[in-house]
2 protein chains.
Amino acid sequence: MTTMVAVKTRKKKVATTVALPLDRILMDDCIEAMRSLPAKSIDCIFADPPYNLQLGGDLLRPDGSQVDAVDDDWDKFDSFAAYDKFTRDWLAEARRILKPDGTIWVIGSYHNIYRVGSIVQDQGFWILNDIVWRKSNPMPNFKGTRFTNAHETMIWASMGEKARYTFNYRQMKTLNDELQMRSDWEFPICGGPERLRKDGTKVHPTQKPEALLYRVLLASTKPGDVVLDPFFGTGTTGAVAKRLGRHFIGIERDATYVEAATARIEAALPLDESAIRAMRAPSKPPRVAFGVLVENGLLPPGSVVVDSKRRFRATVLADGSLLSDCGAAGSIHKLGSTLQNAPSCNGWTFWHTEGSKGLVAVDALRQQWLLATQP
Amino acid sequence: MTTMVAVKTRKKKVATTVALPLDRILMDDCIEAMRSLPAKSIDCIFADPPYNLQLGGDLLRPDGSQVDAVDDDWDKFDSFAAYDKFTRDWLAEARRILKPDGTIWVIGSYHNIYRVGSIVQDQGFWILNDIVWRKSNPMPNFKGTRFTNAHETMIWASMGEKARYTFNYRQMKTLNDELQMRSDWEFPICGGPERLRKDGTKVHPTQKPEALLYRVLLASTKPGDVVLDPFFGTGTTGAVAKRLGRHFIGIERDATYVEAATARIEAALPLDESAIRAMRAPSKPPRVAFGVLVENGLLPPGSVVVDSKRRFRATVLADGSLLSDCGAAGSIHKLGSTLQNAPSCNGWTFWHTEGSKGLVAVDALRQQWLLATQP
DNA sequence: GGATCTACTGAATCTTTGA
DNA sequence: GTCAAAGATTCAGTAGATC
C-alpha cells in the first residue's frame, strides 16, 4: 500500500503530497531504491551495512575473484577505497532523503565502523553518541589469539551540529529504572525462537535482536514516524517499527530475505490498545505555567512558598510571580536564581508549600494539575 | 640513562646497537621525538592523542556549578582535515619505529576515534580488537539531551594482517576468573588518591586510570619489552610499565606534565600480588532494569500485572513504566508505593504476572533473565 | 568513633520557545 | 535571522565537616 504523506518541499515552504511506500519492502539495490524516494521525507534511518571487508565478497569484487595476497598494500588500499566509495554513495542518498531534524543509526564492527564513522562526519552529520552493544553471549575466540570480540558499535548522528533531533530522554530514563540511559547497552545475540530459520539453518547470518531495535526506535523516533532501513535483511527494523506504532520502509535486494521479512512482519503484532494509547501521549508532559496553578486556586495569591531548607520565603502574587521578603520579585525561576545568586534555577523544584506532611514542592501541585486535566 | 639495546636493521638482518632512551621522558613534540628513535625498535605503543572535542560554550550542572571543560590549546584543531593530517603524521612515525611484531594501542572517543581508526587501517596496521572502556562512574548528561557518554574506545592493532604479535591469553583469562577476557572492560575513571593534584586542582585534565594501562600492558607486552607513549601526559603508562617490569619511553611537550610524571614514576613501586588483584575491575552484582524485561519480551508492553492479593492492577507500557487502572503511572517501585500510600515499595516483589500455576512475582522473571544471560 | 550530611568533581561536541 | 525569558536538568564517588 502506498500512502500519501505531507512532505515539505525545500524552496518554498509549501506542503505537497509525495508518494512514500510506507510499511513496504522495496526489493532493489539500496542506492537505487533510495533515489526513488523524495528528499527530506524520512524521520530516521537504521542501517546495518555489510562489512565483509576481508572476504572479498561481491561488494569489493563484482567478478567474484579472490583478493590477492593480503600483504599487497595496493590491494588493501583498493579494498578500502571500494568500501569507502560504497559507503559514501549510500550515505549521501540517506542524507538526501532524511528530514532536517531526522537522525541516522549505523551499526558495525571494528572491520568497517571506522570507515563509516569518518565518512558520516565528512558528510556533515553530527555524531550524537556512539553506542556499544555488549553481547551477553558472544561467540568465544576459539583460538585464544585475541580478546573475545564481545560488542558491536552503533553511531547515532543528526543532520548537523545545529540540527534538532528527537531524543525521548524521559522514556529512556524510565526504561533504565530512573537512571539516565548510558551509551553501553547489554543484550543477548539473536537466537532461540526469535532467530529465523529455514530447514534448521539460519536465514540471515547477522540477524539483529529485536530488543536492540526496540531501544533504538523508542529513543529516537515518535509514534507515526517513518523509519527507513536500507539493508533490511530479514526485517528486524520493520517488525519492531510495527510493534511500536512507527512506519517502516525496507530496502533489500535478496528475494529470500524479502520473503522471510514479509512473513515475519505480517505475523508481528502491534502493541495492544492501552500500551499504544499511552505511547501516543507526548513523551514530554505539556508545559504548565505557574500562573495557571494560581488562577485555578491550587496556590492562590497570598500563599507563602519557601525553599526546602526554609532559608528563603516568598509570597505568591496574582500574576503568578513571587515577591520575596527582602523585596526581590520575579518568576519562580528568576527569583530562585536571584536569591541563590545562581545563574539559573528550576523554580518548580526549588519552591515548596506547607502540606499536611511537611513541605511539598510546587512541582507536585503541577503533577496534580496535570493528572486532573489530562485525558 | 641511555641504554644500549640490540635492534635489527632493516636492509640486512644484522643486529646493531642503537641508543634507546629507556625509562626516560623526552620533552619534545611527539613527531620530532619519534624521528630521533631508530626504526623497528619499539615493542608496543600506547597513544592517548588529543580527542578534538570541539566543545561549545560553558556547561552548567543542574545545581548551577560549572563543568571544568577540556579547553587546553593542545586539543584545538581547525578542521577534521587538520586533525587527520596530524594523525597521519604521528601514526606514520609510530609505524616506522615499531618492530614488525609490535602492536599499537590508541584510545579515543567518538569525536576522534573514527578518524584515527580509518587512518590506522589506511597505513597498513591490522586491527586486532577494539576495546571498550566502560566507565563505572561517567559524568552524566546534565541537560538530558543524549545518552550518557559512558565509554571510551581503544583500538589495538598489529603491523599487518600476517604480522605476529604478543597476546598473553592465559594471563588475561586468569585475570578474568577463568573466562576469556572480553572486548569490554569496566573501570572507574581516575580519581581519589591516584589522581595527581597540585594545590587541590588536577594536574592533567584527562589522566587515565592505571588499571586500564595495567591490563593493556599485561595483555600485549612481555617483561623487558619497550613501551612508547607519544602523548605521555602525567605518565600513567610509565608508572604502570615500571610496576610491571617493562621499559618505557615517554614523549611529552609540556614541562608541567613532565615534572609531575617524573616524580610519580620515581615513586612507583613494583606490584605485589594484592595490588594486582586490586587492578581487577570490582565485581558488582548485575543490575537489571525492569525495562530490560520489557524490551526483551519477557513482559511485553500491554501485559497486565497485579499485586499478590489482586487489589491493584496495572498495564506495562513500552518504556517500562506501569499505568494503573486509576490513571496513576510510574516505575514499578514508584507506582507500588503510590497505590499503597507507602513511602517506598519493592516493585520486584510487589507486582505479579499470571503464570500457568498462578501468580508469579516479576522478580522471578528477573531471575530467569539473569540465569539466561549471565555466564 | 562511627554514622550521616554536605560539597565537590569527572575527555561533555548538553535547551526551547516566542517575540 | 536575533534576543530575552521560560523551563528543565545529574551519577558515582571522594573528602571533609558535623552529629
Answer yes if the side chains of [X] and [Y] hold a donor-acceptor pair under 3.5 Å, and no otherwise.
X: A:Tyr114; Y: B:Asp130; answer: yes
X: B:Asp199; Y: B:Thr201; answer: no
X: A:Arg164; Y: A:Ser158; answer: no
X: B:Glu152; Y: B:Ser109; answer: no
X: A:Thr166; Y: A:Lys222; answer: yes
X: A:Thr153; Y: A:Trp133; answer: no

Mind listing the residues from residues 288-295 of chain A sitting with a heavy atom below 4.0 Å of DNA chain C? Number order is fine.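 Of all residues in residues 288-295 of chain A, none places a heavy atom under 4.0 Å from DNA chain C.
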Give me the residues of residues 116-127 of chain A where at least one heavy atom lies under 4.0 Å from an atom of DNA chain C, by number, or none. A:Trp126, A:Ile127
With a 4.0 Å cut-off, would you call [X] and [Y] a salt bridge?
X: B:Arg264; Y: B:Glu210; value: yes
X: A:Lys173; Y: A:Glu178; value: no
X: B:Asp68; Y: B:Lys202; value: yes
X: B:Asp184; Y: B:Arg182; value: yes

Taking side chain to side chain contact (heavy atoms under 4.5 Å, CB included) as the test, write out the residues that go with B:His204, two or more places apart. B:Trp74, B:Thr206, B:Thr234, B:Tyr257
N/O (side chain, [X]) to phosphate O (OP1/OP2, [N]) under 4.0 Å:
X: A:Trp348; N: D:dG7; value: no
X: B:Arg61; N: C:dA7; value: no
X: A:Lys162; N: C:dT13; value: no
X: B:Lys202; N: C:dT9; value: no
X: A:Arg164; N: C:dT17; value: yes

Options [options], nucleotide nearest the side-chain atoms of [X]:
X: B:Thr145; options: D:dT9, C:dA11, C:dC14; value: C:dC14
X: B:His111; options: C:dA11, C:dT13, C:dT15; value: C:dT13
X: A:His333; options: D:dT9, C:dA12, D:dA6; value: D:dA6
X: B:Tyr110; options: D:dT9, C:dT9, C:dT13; value: C:dT13
X: A:Asn346; options: D:dT9, D:dA12, C:dG10; value: D:dT9

The residue, B:Met139 or A:Arg366, whose nearest nucleotide of DNA chain D is more 5′ is A:Arg366
By nearest nucleotide on DNA chain D, pick out whichever of B:Pro62 and A:Ser331 is the more 5' one. A:Ser331
Whole Å only: how far is the [atom1] atom of [X] from the [atom2] atom of [N]?
X: A:Phe167; N: C:dT13; atom1: CZ; atom2: P; answer: 12 Å
X: B:Gln66; N: C:dA12; atom1: CD; atom2: P; answer: 13 Å
X: B:Tyr51; N: C:dA11; atom1: OH; atom2: C1'; answer: 6 Å
X: B:Lys76; N: C:dA11; atom1: NZ; atom2: P; answer: 17 Å
X: A:Asn168; N: D:dT9; atom1: CG; atom2: P; answer: 13 Å
X: A:Tyr169; N: C:dT16; atom1: OH; atom2: P; answer: 13 Å
X: B:Leu55; N: C:dG10; atom1: CG; atom2: P; answer: 14 Å
X: B:Leu59; N: C:dT13; atom1: CG; atom2: P; answer: 9 Å

Touch check for [X], heavy atoms < 4.0 angstrom, all strands: base, sugar-phosphate only, or nothing?
X: B:Glu152; value: base
X: B:Gly233; value: nothing
X: B:Asn149; value: sugar-phosphate
X: B:Ser109; value: nothing
X: B:Asn112; value: nothing
X: B:Pro209; value: nothing
X: A:Lys334; value: nothing

Should stems be defined as at least three consecutive Watson-Crick or G-U pairs with both distances under 3.5 angstrom, which of them involve DNA chain C?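 Ordered by first number, the stems with DNA chain C (at least 3 consecutive pairs each) read C:2-10 with D:11-19, C:15-19 with D:2-6.
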Using atom [atom1] of each nucleotide, how far apart are [N] and [M] to the nearest Å?
N: C:dT9; M: D:dT10; atom1: C1'; result: 12 Å
N: C:dG10; M: D:dG7; atom1: P; result: 33 Å
N: C:dA11; M: D:dA8; atom1: P; result: 30 Å

Between B:Phe80 and B:Arg115, is there a cation-pi geometry (under 6.0 Å to ring centre, at most 45° from the normal)? yes
Tell me, please, whether B:Phe187 has B:Arg134 positioned over its six-membered ring: NZ or CZ under 6.0 Å from the ring centre and within 45 degrees of its axis?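 No, B:Arg134 does not lie over the aromatic ring of B:Phe187.
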[X] (side chain) donor-acceptor with [Y] (main chain) under 3.5 angstrom:
X: B:Asp75; Y: B:Asn52; result: yes
X: A:Asn129; Y: A:Ile131; result: no
X: A:Thr353; Y: A:Val305; result: no

Is the gap between the ring centers of B:Phe46 and B:Phe231 under 6.0 Å? no
Before we go on, tell me: are the rings of A:Phe312 and A:Trp351 under 6.0 Å apart, centre to centre?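 No, ring centres 6.0 Å or more apart.
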Does any donor-acceptor pair link the side chain of B:Arg146 with the base of C:dT13 at a separation under 3.5 Å?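 Donor-acceptor pair under 3.5 Å: yes.
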Between N or O atoms, less than 3.5 Å apart, protein on one side and nucleotides 14-19 of chain D on the other: list the pairs.
none

Base of C:dT13 relative to its sugar, syn (within 90° of 0) or anti?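 Here C:dT13 takes the syn form, which means its glycosidic angle is within 90° of 0.
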Determine the interplanar angle of the B:Phe86 and B:Phe77 rings, folded into 0 to 90°, and report it as parallel if under 30°, tilted if 30 to 60°, perpendicular if over 60°. tilted
Any A:Thr174 side-chain heavy atom under 4.5 Å of A:Arg170 side chain: yes
Using the closest heavy atom to pick a nucleotide of DNA chain C for each, name whichever of B:Thr206 or B:Asn141 lands nearer the 5' end.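 Its nearest nucleotide being more 5', the pick is B:Thr206.
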Please work out which residues in residues 130-138 of chain B have a non-hydrogen atom less than 4.0 Å from an atom of DNA chain D and list them by number.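 Correct list: B:Ser136, B:Asn137, B:Pro138.
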